[in-house]
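Take a look at the structure below.
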Amino acid sequence: MLYSSRMRAQALVASLLMLFLIALHASADSGLTKIADNVYAYVDIKKASPANSFGANAGIVVGRDGVVVIDTLISVKEAQRFIKDIRKITDKPIRCVINTHYHLDHVLGNAAFVRTGAVVISHAEDQKNFRAKGESILKNARKYGLTEADMEGTVLAYPQISFTDRMEIDLGDLRVQLISAKNSHTGGSLFVFVPERNVVFAGDVLFTGYHPYMAEGDLAGWTVALDALAQLKAAAIVPGHGPVSSNKDITDMKEYIVLFDGEARRLSALSNDPEFLYAELKKVLPNRPESDFLIRANIQRYCKGK
Ligand SMILES: [Zn+2]
């Protein structure tokens, strides 16, 4: 009697374990990681390259009334892979796409979502930036290392709706709040906060484990935006690039910006040779495994006009 009930208990444990493994497998299959209930994202992409959107993260919030998409990757091809992964999680309509900012690895997949009926939303400043620079970004995609095959079928789809301070999307059971982070990584960056889940998508205001792209933007304003991000006290932060992050990563990011700016200013007064700056900066910057090439890009703003 005892023996058989133990057998039953073991069988129950085994079948529960099986269910758990099936559930894990389902989320691994989609490529999107579950960040919280109703919130999924691509995170922690290794070996960033042009073909994998430079390791840019993107995600979704699935509410009662539909899906909100946050960023669309670097091409229509990448966006189509994203849509397939979304469809493994939900068949609800994709209501809108939010662009955290106008950089190519976050917006060039927009058109694939517009075709499904989604509306594109951004901060007014980056709507303006995208409209001004979109044509040349797409035309120069090769310069960023993208091939014809990578970009096949990719066309521009600009944000149709914009805001300047805050905006809220009501999905029935969940709110998706858009919060301006202007004058930081770009003129019109934004955060996407899901208060009911205490999750925030930080866009490229936060890079974790990646050297950040700092070739444009307002570095003083950027540190202010990082303070505002920390104030949200989110349980999970999805950065623009890298793994799910915490407030410690915000502190590290702030220190990185201050260190880079201070050292690059000091070094550029000694020499305007970008190789000298690169070698010296490498000695003091924290070791980040991804996107070392961005250090060279970031040096340009200090060597300009010299
Ligand atoms: Zn960016």
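For ligands, and for the atoms within them, numbers begin at 1 and follow the listed sequence.
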Any Lys/Arg nitrogen of Arg296 or Glu275 sitting under 4.0 Å from an Asp/Glu carboxylate oxygen of the other?
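The answer is yes: the pair qualifies as a salt bridge.
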Do the charged groups of Asp218 and Lys182 touch, with an N to O distance under 4.0 Å?
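Answer for the salt bridge query: no.
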Of all heavy-atom pairs between Ile83 and Phe113, which one has the smallest distance, and what is that distance?
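Distance-wise, the nearest heavy atoms are CG1-CE2, 3.5 Å.
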Between Phe130, Phe163, Phe191, which is the residue that forms a ring pair (Phe, Tyr, Trp, His ring centres under 6.0 Å) with His123?
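Result for ring pair (Phe, Tyr, Trp, His ring centres under 6.0 Å) with His123: Phe163.
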Proximity of His241 and His106 rings by center, below 6.0 Å
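Yes, the ring centres sit under 6.0 Å apart.
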Evaluate the ring planes of Phe54 and Phe293, with Trp represented by its six-membered ring, and classify them as parallel (under 30°), tilted (30 to 60°) or perpendicular (over 60°).
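The arrangement is tilted - the two ring planes meet at 30° to 60°.
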Near the Zn ion (ligand 1), meaning under 2.8 Å, how many protein N/O/S atoms are there?
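Atoms of protein N, O or S type lying less than 2.8 Å from the Zn ion (ligand 1) total 4.
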